[in-house]
Amino acid sequence: MKLSPRTFRIQFDLHAWAGVVASLFLFVIFFCGVFAMFREELEVWQEPALHVAPPSESPPSFDLMLDRVREQGPLPRGAHVGMLTHEETRFITAYLFEPTGMRVLWLDPVTGTSLPERSRLASELYWMHFFYRVPWGMEFTGLVSVALLVALVSGLWIHLKDLRAQWWRFRPTAKPRFSASDAHKVLGIFGLPFTAMLAWTGAVLCLAGLVAQGFGSVVYRGQADRVTKLRGYSVPVREAAGKDAPMLSLDTVVDRARASVPGAEGTPRYVELHDYGDARGWAGVYFQLSPLGPDHFAHVDSVSGETFGSSVESRTPNFSFERLLFDLHAGRFAEALMKPLYALLALAMCAVLVTGNLIWLERRDPLRTHRGNRVLERLTVGVSAGLAFGTAVYCAANRVLPWALVRRGDWEFGLFLGAWALAVVIALVPRGSSRRVGSVLSAAAAVLFGAVVVGDVVTQDANLFTALSRGLPPVFMAEAFLAAMALGCGGLAWGLRRRKTAEPVSGGVAPEGPLVKA
């Protein structure tokens with residue numbers, strides 16, 4: 001199907017503008033999404049104290065874990081405590097929701113020891129995948145996903161007649177305008193089903209809450225609880241009695257929850273205590289989520305042991321649909337295959353975004369005579385290569401900073417943000433070419449990622465070569481992932497450096513054009 005010139009121009013402009021406006025945000029989403037795929041492995045890797053094989057004997061006692069929490073200080077009546085189990089390590093994460101914020105402890109059910117949280121590397125990179133720390137970040141991510149869908153549909157439309165010819169055409173030695181265009185099209189075509197699925201599921205999941213608010217305001221006249229029930233996310237609202245009452249054994253509460261929900265088996269994934277010690281206190285018990293399967297949870301009165309809500313009663317078609325979308329979006333099936341595949345496709349999408357900006361610049365302003373185009377080029381380099389460099393600094397800081405440092409997790413995160421910001425500033429300085437800056441930042445990231453892996457081989461008992469023999473596949477996966485990032489960043493730095501840059505001068509403009517080949 002050949003489009004008319006007018007229709008082609010409209011679709012091309014729609015594709016270009018949607019891509020350029022959203023490109024840098026999408027790069028952050030996809031790049032951090034790669035780390036989000038390995039979040040559980042990185043959570044074990046980032047804390048050497050967790051480098052112990054998960055136990056194969058009896059399940060952990062939640063009563064014992066609650067005792068370990070009490071040892072950190074008395075729990076007042078009405079306290080809110082959560083406990084998260086892990087398949088990757090025998091440790092349990094305890095969350096203490098306090099008026100001043102959330103406190104995190106790592107508890108060992110075998111030795112009974114407790115450890116304060118000393119790193120948030122995996123969590124922070126996961127949260128950055130949907131701009132969680134930015135106000136309305138989840139909704140903003142949903143809007144960016146919609147922009148990606150617009151770019152995908154318009155891009156497919158304008159290239160539909162040439163797909164067969166463009167499918168395999170790649171000329172890496174041609175001028176950047178052509179080599180970048182080839183890479184953009186080839187990677188975009190091969191990754192189209194994956195990218196479309198991620199964009200659609202991401203938009204639905206991120207905007208679902210906002211849509212539900214609007215739906216509740218218009219249809220149910222502000223009765224948000226009715227929409228919540230329709231979605232299957234209703235949480236019991238119980239007023240505290242304001243008086244003490246003895247709580248049942250937490251293990252007994254878990255057993256009551258397991259017995260009340262058909263299909264709930266094994267150790268719960270998450271146990272949450274609400275209004276601890278109060279006469280109307282209760283617990284939410286959530287069991288392991290099977291990929292592409294139903295949810296299993298129950299709400300149990302922690303004083304009487306009575307179950308007053310479960311997944312059987314609250315399950316709705318919408319909840320099952322959103323669970324399916326989440327599992328598809330996160331690759332929660334055949335994970336041994338899907339995690340590396342999702343990671344490769346996400347990195348390919350990062351390349352599509354960067355080459356898309358380059359194509360835009362080459363078509364509109366090959367010599368970068370306009371300041372806006374020069375800024376866009378340098379921002380593209382600073383944000384993309386700078387994020388890789390900042391993430392490498394984050395991993396290095398995790399290994400270098402003293403483990404006894406107060407607020408160590410904040411220091412790590414601050415160094416990450418500082419390194420990223422510094423990279424953007426360096427990229428915006430007009431003296432050095434963008435290509436050279438990108439090459440240097442990529443090389444620095446490669447060195448840091450590689451140094452972390454080599455340093456672990458030298459200093460850590462569990463490393464790339466010993467983790468599997470010690471029964472720690474998560475540590476091996478994390479180390480292999482970081483080694484792959486080192487090789488990828490190194491290859492990118494080498495590729496950028498080996499291509500000579502031109503120095504066009506037009507109308508008194510300083511030599512720029514770092515991405516233009518002579």
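Computed over heavy atoms, backbone and side chain alike; hydrogens, waters and symmetry mates excluded.
Here the two rings, on F465 and F476, have centers that are 6.0 Å apart or farther. Residues Y270 and F297 keep their aromatic ring centres 6.0 Å or farther apart. In this structure, the ring of H86 has its center less than 6.0 angstrom from the ring center of W106. Proximity of the aromatic rings of F287 and H296 is defined here by a centroid distance below 6.0 angstrom, and this criterion is not met.
Aromatic ring orientation, Y394 versus F413: tilted (interplanar angle from 30° to 60°). Ring geometry, F25 versus F131: the interplanar angle exceeds 60°, so the pair is classed perpendicular (tilted spans 30 to 60°).
Using a 4.5 Å cut-off on side-chain heavy atoms (C-beta onward), T391 and F449 make contact. Contact of the T380 side chain with the V354 side chain is registered, since non-hydrogen atoms from C-beta on lie closer than 4.5 Å. In this structure, V34 and Y342 have side chains that are not in contact, with every pair of non-hydrogen atoms separated by 4.5 Å or more.
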### Verdict with reasoning, R120 to D410, per salt bridge (charged side-chain N to carboxylate O under 4.0 Å, His left out)
CA-CA 8 Å; R120 302 191 309 270; D410 293 337; 2.9 Å; yes
#### Entry: Step-by-step side chain to side chain contact (heavy atoms under 4.5 Å, CB included) determination, L105 to E117
CA-CA 6 Å; L105 298 173; E117 183 183 49; over 6 Å; no
### Worked verdict on H299 versus T307 for side chain to side chain contact (heavy atoms under 4.5 Å, CB included)
CA-CA 6 Å; H299 303 135; T307 301; 6.0 Å; no
### Query
L84 and Y286: side chain to side chain contact (heavy atoms under 4.5 Å, CB included), yes or no, with the steps?
CA-CA 10 Å; L84 179 69; Y286 304 84; over 6 Å; no
### Query
Could you go step by step and tell me if E41 and F481 meet the side chain to side chain contact (heavy atoms under 4.5 Å, CB included) rule?
CA-CA 10 Å; E41 289 81 2; F481 169 61; over 6 Å; no
### Task
Could you give me the CA-CA distance, side-chain angles and deciding distance for E272 and H80, then say whether side chain to side chain donor-acceptor pair (under 3.5 Å) is met?
CA-CA 7 Å; E272 191 172 25; H80 183 186; 2.7 Å; yes
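Taking both residues in full, the closest heavy atoms of F62 and T267 are given as CZ-CG2, 4.2 Å, listed atom of the first, atom of the second, then distance. F389 approaches L441 most closely through the heavy-atom pair CB-O, 4.0 Å. For the pair D251 and P60, the tightest heavy-atom approach, listed with the atom from each and the gap, is OD1-O, 4.5 Å. Closest approach of R39 and S123 over heavy atoms only: NH2-OG, 3.5 Å. Across L496 and S439, no two heavy atoms sit closer than the pair CD1-N, 3.7 Å. When all heavy atoms of A343 and F38 are compared, the closest pair comes out as CB-CE1, 3.9 Å.
Looking at E47 and R399, no side-chain N of the basic residue comes within less than 4.0 Å of a carboxylate O on the acidic one, giving no salt bridge. Ion pair R77/D275 not flagged as a salt bridge, since none of the NZ, NE, NH1 or NH2 atoms sits closer than 4.0 Å to an Asp/Glu carboxylate oxygen. The residues R68 and D108 are annotated as not salt-bridged, no charged nitrogen and carboxylate oxygen being separated by less than 4.0 angstrom.
Of the N and O atoms on the side chains of S114 and E71, not one donor lies less than 3.5 Å from an acceptor on the other residue. Using modelled atom types and a 3.5 Å distance limit, the side chains of Q46 and N398 yield no donor-acceptor pair.
Applying the salt bridge (Lys or Arg N to Asp or Glu O under 4.0 Å) rule to pairs touching residues 465-484 yields nothing, sequence neighbours excluded.
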Tabulate below the donor-acceptor pairs under 3.5 Å that side-chain atoms of residues 252-264 make, not counting sequence neighbours, or state none.
unit_1 : atom_1 : unit_2 : atom_2 : d
D255   : OD1    : R258   : NH1    : 2.9
R256   : NH1    : G305   : O      : 3.3
R258   : NE     : G266   : O      : 3.3
R258   : NH2    : G266   : O      : 2.9
S260   : OG     : R256   : O      : 3.4
S260   : OG     : A257   : O      : 2.9

Would you mind writing out the side-chain donor-acceptor pairs for residues 138-145 within the sub-3.5 Å range, not counting sequence neighbours?
unit_1 : atom_1 : unit_2 : atom_2 : d
T141   : OG1    : F130   : O      : 3.1
T141   : OG1    : G137   : O      : 2.8
S145   : OG     : T141   : O      : 2.9

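Checking side-chain atoms of D63 against main-chain N and O of S249 turns up no donor-acceptor pair under 3.5 Å.
Other residues, nucleotides and ligands place no more than 12 heavy atoms under 6.0 Å from the CZ atom of F326.
No cation-pi contact links R133 to W127, judged by a cut-off of 6.0 Å to the six-membered ring centre and 45° from its axis.
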